[in-house]
**Q** 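Take this structure, written in structure tokens, and hold onto it; I'll ask about it next.
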Amino acid sequence: MANRYIPFGYEIQNAEIVIVNQEALLVKSAFELYIAGKSYNQIAERFVLSGIRYNPDSAKWNKNMVKRMIENEKYTGLEEYPPIIDAKQYHKANRIRLSKNIKADSDKMEYDKFIRTHGECPACGFRIKRQRQGHDKGAYTAYKCSNPICPAKSIHEETLYEYINEIINRLIDNISLADAEVKMQSRTNESIDELTNEIYIKTIKDDTEKDEILKDIYKLAKIKFKAYTKTDMSKITEKIRQELCKYGISEKAPLPLMETIVSKFYIGGDKGLKIKLINEKILEREG
């Protein structure tokens, strides 16, 4: 793809910078739409339909192309560029942009905090930490096990975001995936039946100590309580289903949703990520 040496909306004629009228219409439109509340992506989608190209060899538009427009003060008439928009419009759009950046930074901090506080290494069970890796231009942020002797590999921050989004979007698209598993229920019931029979036999024997029977009754009650809390997840699952119904597929997994339904991120391992829901259902990547 060819690079633009002067901003979109201009060209050089007879050694002078002049306005390209069709392109200038899109520049004006970009500022108007952005001020009206449209996102870079939404504006880019509209510009694709215009048939006007940002680069001569491609009809594609993306959010970065629109972002460069909004940030470029030359459109107000700086550095020998004829004005396409007025300074007031430029500053209004960029006040909005900066306020969005501040909110985005704050949101990202909360997002990362939730991942770290609920992240666990599947190999050793240690907590996950977020740290900078690499040097200079090759530096990047990654999540890795906090255990210094754990051999588990780190995972690039953006890759982890993609994995989380993949699983959460799949769950939003098919809420039945949230249904709790009850694989251990029959085995637990067998333990309850066996102990119940033992208590009955002891009660009909004359030589059984009362304290021994009471001890077994307490043990039975404990097993039943654990069986209930581990296998009867219907109310919790219903809560998860209700929350999922509030959301649609998105570019980034909604933090309020995850705060409500996620209990653990197992970060690392063969597939990179598993997510444990509050009803103990574990979801993993398909890839």
**Q** Minimum heavy-atom separation for Pro82 to Ile17, with atom names?
**A**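 Closest approach of Pro82 to Ile17, heavy atoms only: CD-O, 3.6 Å.
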**Q** Go through the steps to decide whether Met65 and Met69 satisfy the test side-chain contact (heavy atoms from CB on, under 4.5 Å), and finish with yes or no.
**A** CA-CA 7 Å; Met65 296 170 182; Met69 282 189 198; 6.0 Å; no
**Q** Examine Lys252 relative to Tyr161 and say whether NZ or CZ is less than 6.0 Å from the centre of the six-membered ring and inside a 45° cone about the ring axis.
**A**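 Yes, Lys252 and Tyr161 form such a contact.
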**Q** Could you tell me whether the side chains of Ser39 and Asn41 share a donor-acceptor contact shorter than 3.5 Å?
**A**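 Ser39 vs Asn41: no donor-acceptor pair found between side chains.
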**Q** Could you give me the CA-CA distance, side-chain angles and deciding distance for Tyr40 and Tyr34, then say whether ring pair (Phe, Tyr, Trp, His ring centres under 6.0 Å) is met?
**A** CA-CA 7 Å; Tyr40 294 142; Tyr34 191 73; 5.1 Å; yes
**Q** Taking all non-hydrogen atoms of both residues into account, name the closest pair between Ser29 and Phe47 and its distance.
**A**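 Nearest pair, atom of Ser29 first, then Phe47: OG-CE1, 3.9 Å.
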**Q** Run the ring-centre check on Tyr10 versus Tyr81 and record whether the distance is less than 6.0 Å.
**A**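 Here the rings of Tyr81 and Tyr10 have centres that are less than 6.0 Å from each other.
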**Q** Around atom CG of Asn174, are there more than 12 heavy atoms of other residues, nucleotides or ligands at under 6.0 Å?
**A**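 Yes - once you tally the heavy atoms of other residues, nucleotides and ligands closer than 6.0 Å, there are more than 12.
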**Q** For Ile149, I'd like to know if atom CD1 has over 12 heavy atoms of other residues, nucleotides or ligands within 6.0 Å.
**A**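 Atom CD1 in Ile149 is not crowded, with 12 or fewer foreign heavy atoms closer than 6.0 Å.
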**Q** Quick one, Ile52 with Glu23, criterion side-chain contact (heavy atoms from CB on, under 4.5 Å). Give me CA distance, side-chain angles, the key distance, then yes/no.
**A** CA-CA 7 Å; Ile52 300 171; Glu23 292 185 2; 4.2 Å; yes
**Q** Within the 4.5 Å heavy-atom criterion, are Gln89 and Lys28 side-chain neighbours or not?
**A**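 No, too far: nothing below the 4.5 Å cut-off.
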**Q** I want to check something: taking the side chain as every heavy atom from C-beta on, are Leu25 and Asn21 in contact at a cut-off of under 4.5 Å?
**A**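 A side-chain contact is absent here, since even the closest heavy-atom pair is not under 4.5 Å.
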**Q** Holding to side-chain contact (heavy atoms from CB on, under 4.5 Å), I want the full list of residues that pass it with Ala253, two or more places apart in sequence or in another chain.
**A**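 So Ala253 forms a side-chain contact (heavy atoms from CB on, under 4.5 Å) with Tyr111, Ile164, Asn165, Ile168, Met258.
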**Q** Strictly distance-based, threshold 3.5 Å: is any side-chain N or O of Asn62 a donor or acceptor partner for the main-chain N or O of Asn64?
**A**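 The answer is yes, because a donor-acceptor pair under 3.5 Å joins these two groups.
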**Q** Hey, are Lys246 and Glu243 close enough for a salt bridge, meaning a charged N less than 4.0 Å from a carboxylate O?
**A**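 So Lys246 pairs with Glu243 through a salt bridge.
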**Q** Rounded to the nearest 0.5 Å, what separation is found between the CD atom of Glu166 and the CG atom of Leu273?
**A**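 Going from CD on Glu166 over to CG on Leu273, the span is 8.5 Å.
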**Q** Could you verify whether a donor N or O on one side chain and an acceptor N or O on the other, from Arg127 and Ser146, lie under 3.5 Å apart?
**A**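 Judged by distance alone, the side chains do not pair up.
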**Q** Looking at Arg53 and Phe8, what are the two nearest heavy atoms and their distance?
**A**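 Looks like O-CE1, 3.4 Å.
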**Q** Under 4.5 Å between side-chain heavy atoms, hopping through other hydrophobics if needed: is there a path connecting Val66 to Ile6?
**A**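 Yes, Val66 connects to Ile6 through the hydrophobic network.
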**Q** Is Lys153 atom NZ crowded by more than 12 heavy atoms from other residues, nucleotides or ligands, each under 6.0 Å away?
**A**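 Incorrect, the count does not exceed 12.
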**Q** Would you call Ile128 and Arg116 a side-chain contact if the rule is heavy atoms closer than 4.5 Å?
**A**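 SC-SC contact between Ile128 and Arg116 ruled out.
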**Q** State, to 0.1 Å, how close Thr76 and Pro83 come at their nearest heavy-atom pair, and which atoms those are.
**A**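 That closest heavy-atom pairing would be O-CB, 3.6 Å.
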**Q** With clusters defined by side-chain heavy atoms of hydrophobic residues (ILVMFWY) lying less than 4.5 Å apart, directly or transitively, does Ile85 cluster with Val20?
**A**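 No, because Val20 and Ile85 fall into different hydrophobic clusters, even though each may have its own neighbours under 4.5 Å.
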**Q** Salt-bridged, Asp112 to Lys108, with N to O below 4.0 Å?
**A**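 Lys108 and Asp112: salt-bridged.
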**Q** I want to check something: taking the side chain as every heavy atom from C-beta on, are Lys239 and Thr260 in contact at a cut-off of under 4.5 Å?
**A**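 A side-chain contact exists here, since the closest heavy-atom pair is under 4.5 Å.
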**Q** Kindly determine whether Lys129 and Tyr143 satisfy side-chain contact (heavy atoms from CB on, under 4.5 Å), including the steps that lead there.
**A** CA-CA 6 Å; Lys129 65 180 180 179; Tyr143 286 82; over 6 Å; no
**Q** Walk me through whether Lys144 and Ile155 qualify under side-chain contact (heavy atoms from CB on, under 4.5 Å).
**A** CA-CA 6 Å; Lys144 67 173 296 182; Ile155 180 169; over 6 Å; no
**Q** For Glu284, give me all partners under side chain to side chain donor-acceptor pair (under 3.5 Å), at least two apart in sequence or on another chain.
**A**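 Here the qualifying residues are Lys271.
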**Q** I'd like to know if Ile249 and Leu257 are part of one continuous hydrophobic network [Ile/Leu/Val/Met/Phe/Trp/Tyr, side-chain heavy atoms within less than 4.5 Å].
**A**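 Shared cluster, yes.
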**Q** If you measure only the distance, is there a donor-acceptor pair under 3.5 Å linking the side chains of Asn279 and Thr237?
**A**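 Short answer, yes.
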**Q** Is there a path of hydrophobic side-chain contacts, each under 4.5 Å between heavy atoms of I/L/V/M/F/W/Y residues, joining Val18 to Val27?
**A**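 They do not share one cluster, since no chain of ILVMFWY contacts under 4.5 Å joins Val27 to Val18.
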**Q** Taking everything shown except Gln22 itself, do over 12 heavy atoms lie less than 6.0 Å from its CD?
**A**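 Counting neighbours around CD of Gln22, 12 or fewer heavy atoms of other residues, nucleotides or ligands fall under 6.0 Å, so no.
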**Q** When you compare the side chain of Leu26 with that of Ser50, does any pair of heavy atoms fall below 4.5 Å?
**A**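 Ser50 vs Leu26: side chains touch.
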**Q** Check whether Tyr90 forms a cation-pi arrangement with Lys74 (NZ or CZ under 6.0 Å from the six-membered ring centre, at most 45° off the ring normal).
**A**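 Negative - Lys74 is either too far from the ring of Tyr90 or too far off its axis.
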**Q** Determine whether Ser176 and Arg241 make a side-chain contact, defined as any pair of heavy atoms from C-beta on separated by less than 4.5 Å.
**A**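 With C-beta onward as the side chain, the pair touches.
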**Q** At their closest point, which heavy atom of Ile175 faces which heavy atom of Cys245, and how far apart are they?
**A**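 Closest approach of Ile175 to Cys245, heavy atoms only: CD1-SG, 4.1 Å.
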**Q** Give the minimum heavy-atom separation between Ile240 and Ile278, together with the two atoms involved.
**A**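 So the minimum-distance heavy-atom pair works out to CD1-CG1, 3.7 Å.
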**Q** Regarding Gln133 and Tyr140, is there a side-chain donor-to-acceptor distance under 3.5 Å anywhere?
**A**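 A pair is found: one side chain offers a donor N or O, the other an acceptor, under 3.5 Å apart.
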**Q** So, taking the atom named CG in Leu177 and the one named CZ in Arg170, what distance separates them when rounded to the nearest 0.5 Å?
**A**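 Going from the CG atom of Leu177 to the CZ atom of Arg170 covers 6.0 Å.
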